[in-house]
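See structure below.
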2 protein chains.
Amino acid sequence: MTTYHHGDLPAALRAATVELIGEKGTSGFSLRQVARQAGVSHAAPAHHFGDVRGLLTAVAAEGYERLADEMSSAIDGVDDAKERLRRCGQAYIRIAFEYPGHFAVMLQRDLFDTEDEALLTASVRAYEALSGTIEMVRDQLNPNLDVDQAATFCWSAVQGLVILSPNLDSVAYHQDTKFTETAELVDSFCDFMINGFANTPTTP
Amino acid sequence: MTTYHHGDLPAALRAATVELIGEKGTSGFSLRQVARQAGVSHAAPAHHFGDVRGLLTAVAAEGYERLADEMSSAIDGVDDAKERLRRCGQAYIRIAFEYPGHFAVMLQRDLFDTEDEALLTASVRAYEALSGTIEMVRDQLNPNLDVDQAATFCWSAVQGLVILSPNLDSVAYHQDTKFTETAELVDSFCDFMINGFANTPTTP
DNA sequence: TGGTCGAGTTGGCACTGTCAAGTTTGCAGT
DNA sequence: ACTGCAAACTTGACAGTGCCAACTCGACCA
C-alpha cells in the first residue's frame, strides 16, 4: 500500500510544486528543485508523473477538485439565485487566494494536458456548479437567458479578475487586504451580472 | 543610426519572440532560439534587453501599445455609449487574435516587469480608452455607476474570455471560426454588461 | 528460495540563461 | 588621416535544467 520510501511521494511532489510556484511563479519552478524539496532524486518524479507536464496536469486537476468542492458546498441548499451566484463567485476567489500555486498553473493552459480525464471531470464539476446556478437565474429572473453564454460570462469575469488582482492598488501589500478588496469587487461583479441577466431580453 | 550588422536587431528579436511564443507558448520559448532565429549569437539579446525578462517586458509593452492604438481608433468619434463599449470589446479580441504571441506574455504577469515605464503608459492608455467609454455609459445610462469598478469588470471579463477561448468547442480547429465564435460571445458579453450597468442602482 | 516488478538512484546528454572577456565596427576629435 | 573610444556583437565558460538509459534496492508472490 504505502510506497516504500516515502509515505506518499506523488502527494509530496504536488505539495512541493504548488509551494514553489506559489512563491516564484510558474517560470521560477523546476522539476529538480521540486524533487530536492521532497527529498528524493531528480529522476524520481518521472516515475509517477512521466514528465513535468504530467506533474502540472496533476496539480491543475487537484486545484479544480478543490474549486469544485468549495463551489458545490458553498451553494448547497441555497435557493435564491442571486445569493447563489454571489456564493459561486466568493468560493472561486477564496480558492484562488488559498491555493495560488494551483491557480497559477490552472490559468496557464499550455502548461498542462487539458484533455486529462481526472482534470476534465473536476473542471466540469466546477463549471456545472456555476451553470446550475445560472439555470436558477434563468428560472427566477429571465426565461430567455442563454445559460451557456451567461455562465461563460461569469467564469471569464472572475477568472480575469484573479489574473488582474495582483495589480490592484491595495495600499498595503498584505495578502489579506488584497483579498478583501478582491472579494468586494466580486460582489459588485455579481450585482452587475445579475442585473444584466435579468434585463437582457434575447441575444439575436 | 542603423545598428551596424542588423538593420534593427531589437525589433527583429521582438518579432522572433512573438513568433516562437505564438507557436509554442511561453513555456516552449528560449532566448537562445530567438537569437538563432534572428541570426545573431546567443548573447546578443542581452545587449539590448538585459535579460529574458527585459525582452518579454518589451514584447508586452509592444502588445499594449497595439491594443491601445486599436481601441482608441475603434471608439474614435463614436458617441453612443453602448456601441462604443461593443467596439472596445471587439478591438480587444481582434488584437488578442492577431497577436497571440504578445497576449500570451501580457496575460502572464510574472513574466515581465509590470512597473516598466513604457509598458505602464501604454497599458494606462488602453485602460483609459475603456474607462472613458464607461464614463459615457455613466453619463448616458446610470449616473450612480462606479466607473472604476465597471471598467475593471469589463476588462476582467474580456481578458478572462481570451484565456478561455482556446477551450471553446469550435467544431473545426480553424483559427477563423474560433475568432468569430469569440467575437459573438464578446457581443453578448457587452449586452450583459450594458444592461447590468444601466440597472444596478448603487453599490453599497 | 527464487523471480519479478515497482520505486528510486546515478550518470550522462543536449539545452538553457547569464556572466566575463574578447573582437569587430563606426565615428568623433584633433 | 590617424587615434581613441564606445557601441554592437561574438566566444567561451558555468551552473542549472528536463529527460533518458542503466542500475540498485526492497517487497511480494509462486
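We name chains A, B, ... by the order of the sequence lines, and we start the count at 1 in each one.
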**Message:** Please determine whether ring-ring contact (aromatic ring centres under 6.0 Å, His included) holds for the pair A/F103 and A/Y92, giving the CA-CA distance in whole Å, both sets of side-chain angles, and the decisive distance to 0.1 Å.
**Reply:** CA-CA 10 Å; A/F103 260 73; A/Y92 190 100; 5.3 Å; yes
For atom [atom1] of [X] and atom [atom2] of [N], their distance in whole Å:
X: A/L9; N: C/dG8; atom1: CG; atom2: C1'; value: 9 Å
X: A/D8; N: C/dG8; atom1: CG; atom2: C1'; value: 15 Å
X: A/L20; N: D/dG16; atom1: CG; atom2: C1'; value: 14 Å
X: B/L13; N: C/dG17; atom1: CG; atom2: P; value: 13 Å
X: B/F49; N: C/dG17; atom1: CZ; atom2: P; value: 14 Å
X: A/D51; N: D/dC19; atom1: CG; atom2: P; value: 5 Å
X: A/L55; N: D/dG18; atom1: CG; atom2: P; value: 10 Å
X: A/Q37; N: D/dG16; atom1: CD; atom2: P; value: 16 Å

**Request:** State whether the side chain of B/E70 and the backbone N or O of B/A91 hold a donor-acceptor pair below 3.5 Å, judged by distance alone.
**Result:**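 No, because the side chain of B/E70 does not come within donor-acceptor range (under 3.5 Å) of the backbone of B/A91.
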**Request:** First locate atom CD of B/Q37, then atom CG of B/L20, and finally report the distance between them rounded to the nearest 0.5 Å.
**Result:**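 Those atoms lie 5.0 Å apart.
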**Request:** State the CD-CD distance between A/E65 and A/E62, to the nearest 0.5 angstrom.
**Result:**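 Here the rounded value is 7.5 Å.
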**B/H47 vs D/dT10: side-chain N/O to OP1/OP2 distance below 4.0 Å** =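 Indeed not, no polar side-chain atom of B/H47 lies that close.
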**Asked** For A/S41, which contact category applies under a 4.0 Å heavy-atom criterion: base, sugar-phosphate, or nothing?
**Response** base
**Asked** Are A/F153 and B/F153 close enough that their ring centers fall under 6.0 Å?
**Response**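 Ring-ring flag for A/F153/B/F153: true, centres closer than 6.0 Å.
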**Complete:** The answer to which of A/H42 and B/R36 contacts DNA chain C further toward the 5' end, by nearest nucleotide, is A/H42
**Request:** Could you please name the option among C/dG17, C/dT16, D/dT10 that lies closest to any side-chain atom of B/Q33?
**Result:** C/dT16
**Request:** From the options C/dT16, C/dT9, C/dA20, select the nucleotide whose nearest atom is closest to the side chain of A/A43.
**Result:**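 In terms of side-chain proximity for A/A43, the closest of C/dT16, C/dT9, C/dA20 is C/dT9.
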**Prompt:** Taking for each residue the nucleotide of DNA chain D bearing the nearest heavy atom, is the 5' side occupied by B/A44 or by A/R32?
**Reply:**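 Looking at the nearest nucleotide for each, B/A44 comes out on the 5' side.
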